[in-house]
Amino acid sequence: VFDVKEMPQGTQPRSVCHRDGLWHRAVYALLLNKKNELLIQKRSAQKKVSPGKWDLSAAEHLQPGETYLHAAARGLQEELGSIPALCARLKGPLAPRHPRQLDIPEISIKDYEFVETYSLEGYEGPIMYNSEEVSAVVWITISEVAQRMRETPDDFTPWFLHEAYTLGWLNS
């Protein structure tokens with residue numbers, strides 16, 4: 001847990017951070033294949049937050065003492081299977097670390113994060129995801145994702161939309 005200036009304030013479970021609006025760290029990981037297509041995942045209908053919405057390749061909360069880079073590698077491995085997400089292959093951060101606030105009062109969520117994004121490019125291999133967490137995955141170009149976000153923004157998670165703006169995908 002951190003204050004608004006990102007000074008450490010101790011540790012709390014994720015549920016407490018999200019309930020009380022405590023600042024914490026998160027990392028997003030983008031997985032791209034050799035055709036430069038991005039893997040996006042559709043969240044399961046059973047998810048509490050943004051069920052059935054399209055999301056980033058992977059996202060993780062950092063564990064105490066963990067770096068953003070190591071959390072990105074861990075997230076790709078945990079969420080998408082046996083991806084050899086070696087830290088040396090990850091590029092990033094793709095933008096300066098930035099705060100992101102998400103308030104969803106109807107489900108008592110106050111998700112306040114300091115975020116960095118990394119990418120793993122040129123991946124060719126199996127994708128294994130937990131069907132209780134994810135209902136589908138697709139490979140799509142970033143320009144196609146941006147077009148879909150402009151046309152149907154409600155089909156995407158709010159943090160994916162925020163990051164697309166941060167990375168300049170929707171700024172034209």
Side-chain angles (χ1 to χ4, degrees), residues 1-2 6 14 17-18 21-33 36-44 47-81 83-104 109-123 127-130 133-146 148-150 153-171:
V1 175
F2 299 84
E6 206 177 0
R14 179 173 55 180
C17 290
H18 289 178
L22 302 176
W23 284 95
H24 54 285
R25 290 177 173 170
V27 66
Y28 302 150
L30 306 176
L31 183 65
L32 295 117
N33 63 20
N36 207 33
E37 294 168 319
L38 174 67
L39 182 88
I40 60 173
Q41 58 171 282
K42 190 169 192 177
R43 294 170 62 83
S44 162
K47 296 293 279 184
K48 180 179 180 180
V49 180
S50 296
K53 304 229 180 209
W54 289 102
D55 201 358
L56 301 144
S57 304
E60 284 294 326
H61 290 91
L62 275 67
Q63 297 173 351
E66 187 175 37
T67 67
Y68 284 90
L69 181 67
H70 284 96
R74 179 175 55 82
L76 286 170
Q77 291 167 340
E78 289 179 3
E79 291 190 27
L80 300 174
I83 294 170
L86 304 174
C87 291
R89 291 189 55 203
L90 286 165
K91 292 184 179 180
L94 304 180
R97 185 175 307 157
H98 51 281
R100 187 197 47 78
Q101 290 181 253
L102 175 63
D103 290 295
I104 311 173
I109 295 287
K110 297 177 189 174
D111 190 11
Y112 299 176
E113 299 176 334
F114 294 105
V115 176
E116 284 186 6
T117 299
Y118 291 79
S119 66
L120 178 64
E121 299 174 359
Y123 180 74
I127 300 294
M128 294 174 279
Y129 60 89
N130 181 343
E133 301 267 331
V134 176
S135 62
V137 295
V138 297
W139 293 101
I140 185 170
T141 66
I142 290 172
S143 62
E144 289 172 308
V145 169
R148 287 187 187 182
M149 286 178 162
R150 285 185 195 95
D154 289 343
D155 288 352
F156 296 86
T157 63
W159 53 90
F160 192 5
L161 288 165
H162 181 270
E163 202 59 18
Y165 277 107
T166 300
L167 295 173
W169 300 354
L170 300 173
N171 297 341

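It should be emphasised that the depicted structure is a prediction, and the values quoted were computed from it without experimental measurement.
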Non-hydrogen side-chain atoms of Ile109 and Val49 separated by less than 4.5 Å: yes

Check: Leu31 main-chain N/O paired with Glu121 side-chain donor or acceptor under 3.5 Å: no

Reported OG-to-NZ distance for the pair Ser50 and Lys42, which is rounded to 0.5 angstrom: 12.5 Å

Any Trp54 side-chain heavy atom under 4.5 Å of Met149 side chain: no

side-chain contact (heavy atoms from CB on, under 4.5 Å) evaluation trace for Leu69 with Tyr118: CA-CA 7 Å; Leu69 181 67; Tyr118 291 79; 3.8 Å; yes

Close side-chain approach of Thr67 to His70, heavy-atom, < 4.5 Å: yes

Inter-residue atom distance Leu56.CG - Arg43.CZ, 0.5 Å rounding: 10.0 Å

Within the 6.0 Å centroid threshold, strictly below: Tyr112 and Trp23: yes

Thr141 backbone acceptor or donor facing Glu144 side chain under 3.5 Å: yes

Residues, nucleotides or ligands: over 12 heavy atoms within 6.0 Å of His162 NE2: yes

Short N-O contact, Glu66 and Arg25, less than 4.0 angstrom: no

Arg97 bridged to Glu6 by N-O distance under 4.0 Å: yes

Distance-only polar pair, side chains of Glu163 and His98, donor-acceptor under 3.5 Å: yes

Any donor-acceptor N or O pair under 3.5 Å, side chains Gln41, Ser57: no

Trp159 and Asp55 side chains, donor-acceptor separation under 3.5 Å: yes

Option among Ile40, Leu94, Leu120 that satisfies the side chain to side chain contact (heavy atoms under 4.5 Å, CB included) test with Leu30: Leu94

Side chain to side chain, Lys91 and Ser119, heavy atoms closer than 4.5 Å: yes

Partner residues of Pro153 under the side chain to side chain contact (heavy atoms under 4.5 Å, CB included) criterion, sequence neighbours left out: Leu161

Which atom of Ala72 lies closest to which atom of Val27, heavy atoms considered: N-CG1, 3.6 Å

Parallel, tilted or perpendicular: rings of His24 and His18 (30°, 60°): tilted

Side chain proximity check, Pro93 to Thr117, heavy atoms < 4.5 angstrom: no

Non-hydrogen side-chain atoms of Val134 and Ser44 separated by less than 4.5 Å: no

Side-chain donor-acceptor contact under 3.5 Å, Arg100 with Tyr28: yes

Value rounded to 0.5 Å, distance of CG in Leu80 from OH in Tyr129: 10.5 Å

Taking every non-hydrogen atom, the tightest pair across Leu76 and Ala29: CG-CB, 3.7 Å

Check ion pair Asp154-Lys53 (N to O, under 4.0 angstrom): no

Nearest atoms (heavy-atom pairs only) where Val1 meets Cys17: CG2-SG, 3.8 Å

Contact check, side chains of Trp169 and Leu38, non-hydrogen atoms, under 4.5 Å: yes

side-chain contact (heavy atoms from CB on, under 4.5 Å) between Asn33 and Leu39, worked out: CA-CA 8 Å; Asn33 63 20; Leu39 182 88; over 6 Å; no

Lys47/Glu133 under salt bridge (Lys or Arg N to Asp or Glu O under 4.0 Å): CA gap, chis, key distance, verdict: CA-CA 7 Å; Lys47 296 293 279 184; Glu133 301 267 331; 2.6 Å; yes

Residue pair Trp139, Ile127: steps toward the side-chain contact (heavy atoms from CB on, under 4.5 Å) verdict: CA-CA 11 Å; Trp139 293 101; Ile127 300 294; 4.2 Å; yes

Beyond-backbone contact of Asp103 with Lys110, side-chain heavy atoms, under 4.5 angstrom: yes

Glu113 versus His61, side-chain donor and acceptor atoms under 3.5 Å: yes

